[in-house]
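Accompanying notes for the structure given below.
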Amino acid sequence: MDVLKEFIMQYGYFGVFVSLVAGIIGLPVPDEVLLITFGYLSYIDYFHISTTVLVCFLGSVIGMSISYFLGIKLGAPFLEKYGPRFYFSIKRQRSIQQLLNKHGKWFILLGFFIPGVRHLMGYLSGIAKFSYKSYICLTSIGSALWASLFVFTGYGLGVRWLFIREDIYAHKMLYTSLFSTLFILSLITYFIFKSISVNKKKLVRKEH
């Protein structure tokens, strides 16, 4: 993290862009922590807040596009062979692929906010030959929401972020587990209500 911090301080917005692209394609970069830190740096006037959000958005979109085309080019065997080295286990790959095949567009949009899922979605979307036009539209929306949420959070927290960040590093696994659990529960709830809605429409059609 210290090396990454020095890189960003030395190269400014270009460093912000490169770090986001690297994190999205799967390198061990703490994306959300970085985004909040960029917001904090905007708070202390090292960066400009609107420019920071824009650069983070572009870095995210470019990163997701690179992983998509790598998925097309390299295919499933490459990801299965090398994915586990970056903590993308075969089990996780297959689970995400099943959700992607079943729920498609909604999963790409919602899954964007989960570390690990976000990083695999580009590769798996490319492997599945998911429409790039639809994919880039969804990831652009996800990138805009994701970047804005975390950058403005850092900006709003101000100096309090320095203390919170230390606590996050100390309890990283706990926070990751809680966040992932909450997201999965939200996802399950959404699909349950969606299924109920579809069944109601089918019943209405049968009655008519």
Quick one: side chains of residues 8-24, donor-acceptor pairs under 3.5 Å with protein atoms, not counting sequence neighbours, listed by atom name and distance.
from: Y13; atom 1: OH; to: H48; atom 2: N; distance (Å): 2.7
from: S19; atom 1: OG; to: G15; atom 2: O; distance (Å): 3.1
from: S19; atom 1: OG; to: V16; atom 2: O; distance (Å): 2.8

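Contact annotation: the side chain of I49 never approaches that of Y43 to less than 4.5 Å [non-hydrogen atoms, C-beta and beyond]. With a 4.5 Å cut-off on side-chain heavy atoms, F150 and L34 do not count as touching. Side-chain contact between Y155 and I36 is absent, with no heavy-atom pair separated by less than 4.5 Å.
The line from CG of L157 to CZ of R160 is 5.5 Å long, rounded to the nearest 0.5 Å. The CZ atom of F57 lies 4.5 Å from the OG atom of S140; values are rounded to the nearest 0.5 Å. Rounded to the nearest 0.5 Å, atoms OH (Y46) and OG1 (T52) are 11.0 Å apart. If you take CG on L58 and CD1 on I62, they are separated by 7.0 Å, rounding to the nearest 0.5 Å.
Sorted by first and then second residue, the pairs that involve residues 126-139 and meet side chain to side chain donor-acceptor pair (under 3.5 Å), not counting sequence neighbours, are S65-Y132.
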Item checked: I127 and I72: CA distance, side-chain angles, deciding distance, side chain to side chain contact (heavy atoms under 4.5 Å, CB included) verdict -> CA-CA 5 Å; I127 291 168; I72 291 176; over 6 Å; no
Margin query: side chain to side chain contact (heavy atoms under 4.5 Å, CB included) for I25 and Y123? Distances and angles first, verdict last.
Written below: CA-CA 9 Å; I25 64 176; Y123 294 103; 3.8 Å; yes
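Closest heavy-atom contact between M64 and S67: O-OG, 2.9 Å. The shortest non-hydrogen separation linking T37 to V33 is OG1-O, 2.7 Å. Heavy atoms only, all atoms of each residue included: F38 and C56 are closest at CD1-SG, 3.6 Å.
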